[in-house]
S.K.: 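Encoded as structure tokens, here's the structure I'll be asking about.
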Amino acid sequence: MRESREMPSRVDFLRSLLYFAALGSEEIARIEKEILVRSFARGEILLLEGEPCQGLYIVESGQIRVFKSSRDGKEQVLLIANPGDTFNDVPVFDGGPNPASASAMGPSTVCIIPKQTVLSLVADCPAALAIIRLFATRLRHLTLLVEDLSFRQVVSRLAKILLELAVVEGGSTPVPRLTQADMAAMVGSVRDVIGRALKTLENAGTIKIEGQRILVVDTEKLKGII
């Protein structure tokens, strides 16, 4: 006779997660009642980048692939989430859209805790919520940086940086003075490559280099290079 083992309850599952380890029984029970449980087949999409955030996702069983996609269909995997892992945390706290997409790598079950349910846990501590939102904003920025480094060529990444730094006031727009080493560090390249990229952008009529100054002369054309 085989010894039978009971599966842990969902309350026990929640209590095992770092997110909820410090909560009391009543709070855990409340969260458990508000959970949405969804099952997905292999390859099925759970959420899409850019869509409104539904809540915090927790893998109960299976594996979930979290990824970003480029315009030409290339993908960069950010995370393989296993049972007990959470994902899509950032938009829960910073209020923005989903920063990435997610799909099931095999038959999977996921618990979704509504955004407002998660936020209610820190609602009585505005200082903690402000700190969490700050970290979430910074994490979103890092996720976008991964996208830039993965999908964009150096010229495209440099064009994006120049657009972000330029202050548009009509006519030629000066970019704050940066060395080529500074720009190389910002786009994840080296000085010599940045020099060639700047020359490419100048030849394309998007910028004008005057000594140590860079002028953005055609913002629309520069946007087309990104």
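Just the heavy atoms: all of them, side chains too, but no hydrogens, waters or symmetry mates, feed the values below.
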S.K.: What distance separates Ser120 OG from Glu27 CD, expressed to the nearest 0.5 Å?
M.R.: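 The distance works out to 8.5 Å.
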S.K.: Cluster question for you: counting only ILVMFWY and a side-chain heavy-atom cut-off of under 4.5 Å, with indirect links fine, are Val37 and Ile28 together?
M.R.: yes
S.K.: For Leu201, is there any backbone N or O sitting under 3.5 Å from a side-chain donor or acceptor partner on Thr206?
M.R.: yes
S.K.: With rounding to the nearest 0.5 Å, note down the distance linking CD1 in Ile131 to SG in Cys125.
M.R.: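 That separation rounds to 7.5 Å.
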S.K.: With a 4.0 Å cut-off, would you call Arg30 and Glu26 a salt bridge?
M.R.: no
S.K.: Does a side chain donor of either Asp182 or Thr179 reach within less than 3.5 Å of an acceptor in the other side chain?
M.R.: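 Present: a donor and an acceptor within the cut-off.
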S.K.: Please answer whether the main-chain N or O of Met105 pairs with a side-chain N or O of Arg42 as donor and acceptor at a distance below 3.5 Å.
M.R.: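 Side chain of Arg42 to backbone of Met105, a donor-acceptor pair under 3.5 Å: yes, one is there.
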S.K.: Between Gln63 and Asn82, is any side-chain donor less than 3.5 angstrom from a side-chain acceptor?
M.R.: yes
S.K.: Quick one: are Leu222 and Asp218 in side-chain contact, heavy atoms under 4.5 Å?
M.R.: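 Not in contact.
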S.K.: Run the side chain to side chain donor-acceptor pair (under 3.5 Å) test against Asp89 and tell me which residues pass, sequence neighbours left out.
M.R.: Tyr19, Thr86
S.K.: Given the rule in the side-chain contact (heavy atoms from CB on, under 4.5 Å) test, do Ile45 and Ser101 qualify, once you have shown the distances and angles that lead to the verdict?
M.R.: CA-CA 8 Å; Ile45 296 294; Ser101 301; 5.6 Å; no
S.K.: What pair of heavy atoms forms the shortest contact from Ile207 to Leu162, and how long is it?
M.R.: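 Closest heavy-atom pair between Ile207 and Leu162: CG2-CD1, 4.0 Å.
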S.K.: Check the pair Leu139, Phe93 against side-chain contact (heavy atoms from CB on, under 4.5 Å), reporting the backbone distance first and the verdict last.
M.R.: CA-CA 11 Å; Leu139 185 56; Phe93 296 106; over 6 Å; no
S.K.: With a sphere of 6.0 Å drawn around CG of Leu18, does it hold more than 12 non-hydrogen atoms of other residues, nucleotides or ligands?
M.R.: no
S.K.: Which heavy-atom pair separates Ala184 from Arg191 by the least distance, and what is that distance?
M.R.: CB-N, 3.8 Å
S.K.: Which pair of heavy atoms, one from Thr109 and one from Ser39, lies closest together, and at what distance?
M.R.: OG1-OG, 3.6 Å
S.K.: Using 0.5 Å steps for rounding, measure from the NZ atom of Lys199 to the CD1 atom of Ile209.
M.R.: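 If we round to the nearest 0.5 Å, Lys199:NZ and Ile209:CD1 are 5.5 Å apart.
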S.K.: For Lys68 and Pro99, indicate whether the former's side chain and the latter's backbone hold a donor-acceptor pair under 3.5 Å.
M.R.: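 Yes, because the side chain of Lys68 sits within donor-acceptor range (under 3.5 Å) of the backbone of Pro99.
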S.K.: Write down the atom of Ala81, the atom of Val59, and the distance for their closest heavy-atom approach.
M.R.: CB-CG2, 3.7 Å
S.K.: Let's go through Leu46 and Arg38 carefully: what are the C-alpha distance in whole Å and the side-chain angles of both, what is the deciding distance for side-chain contact (heavy atoms from CB on, under 4.5 Å) to 0.1 Å, and is it a yes or a no?
M.R.: CA-CA 9 Å; Leu46 285 70; Arg38 299 286 184 267; over 6 Å; no
S.K.: Taking all atoms of both residues into account, what is the closest heavy-atom pair of Gly96 and Cys53, and its distance?
M.R.: O-CB, 4.1 Å
S.K.: State the OH-CD1 distance between Tyr57 and Ile64, to the nearest 0.5 angstrom.
M.R.: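 Reported to 0.5 Å precision, the distance equals 10.0 Å.
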S.K.: Quick check: is Phe67 connected to Val90 through a chain of hydrophobic side chains (ILVMFWY, heavy atoms under 4.5 Å apart)?
M.R.: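 Result: no, two separate clusters.
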S.K.: Is there a path from Phe40 to Leu79 through hydrophobic residues (I, L, V, M, F, W, Y) whose side chains come within less than 4.5 Å of each other?
M.R.: yes
S.K.: In this structure, would Val118 and Val11 fall into the same cluster of hydrophobic residues linked by side-chain contacts under 4.5 Å?
M.R.: yes
S.K.: Looking at side-chain heavy atoms only, is the closest gap between Pro97 and Arg140 below 4.5 Å?
M.R.: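 Sidechains of Arg140 and Pro97: in contact.
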S.K.: How many angstroms lie between atom OG1 of Thr117 and atom CD of Glu32, to the nearest 0.5 angstrom?
M.R.: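 Taking OG1 in Thr117 and CD in Glu32, the distance rounds to 12.0 Å.
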S.K.: Check for me, please, whether Leu119 and Leu17 land in the same ILVMFWY cluster - side-chain distances under 4.5 Å, paths through other members count.
M.R.: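 Both belong to a single hydrophobic cluster.
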S.K.: Just verifying a value: how many Å separate Glu60 CD and Leu14 CG, rounded to the nearest 0.5 Å?
M.R.: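 Atom-to-atom, Glu60:CD and Leu14:CG are 8.5 Å apart.
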S.K.: Going by heavy atoms in the side chains, are Leu78 and Phe87 under 4.5 Å from each other?
M.R.: no
S.K.: Which heavy atom in Ser108 sits nearest to a heavy atom in Gly62, and how many Å separate them?
M.R.: OG-CA, 3.5 Å
S.K.: Using the side-chain contact (heavy atoms from CB on, under 4.5 Å) rule, take Arg10 and Ile35 through it: C-alpha gap first, then chi angles, then the decisive distance, then the call.
M.R.: CA-CA 10 Å; Arg10 192 157 282 129; Ile35 280 179; 4.1 Å; yes
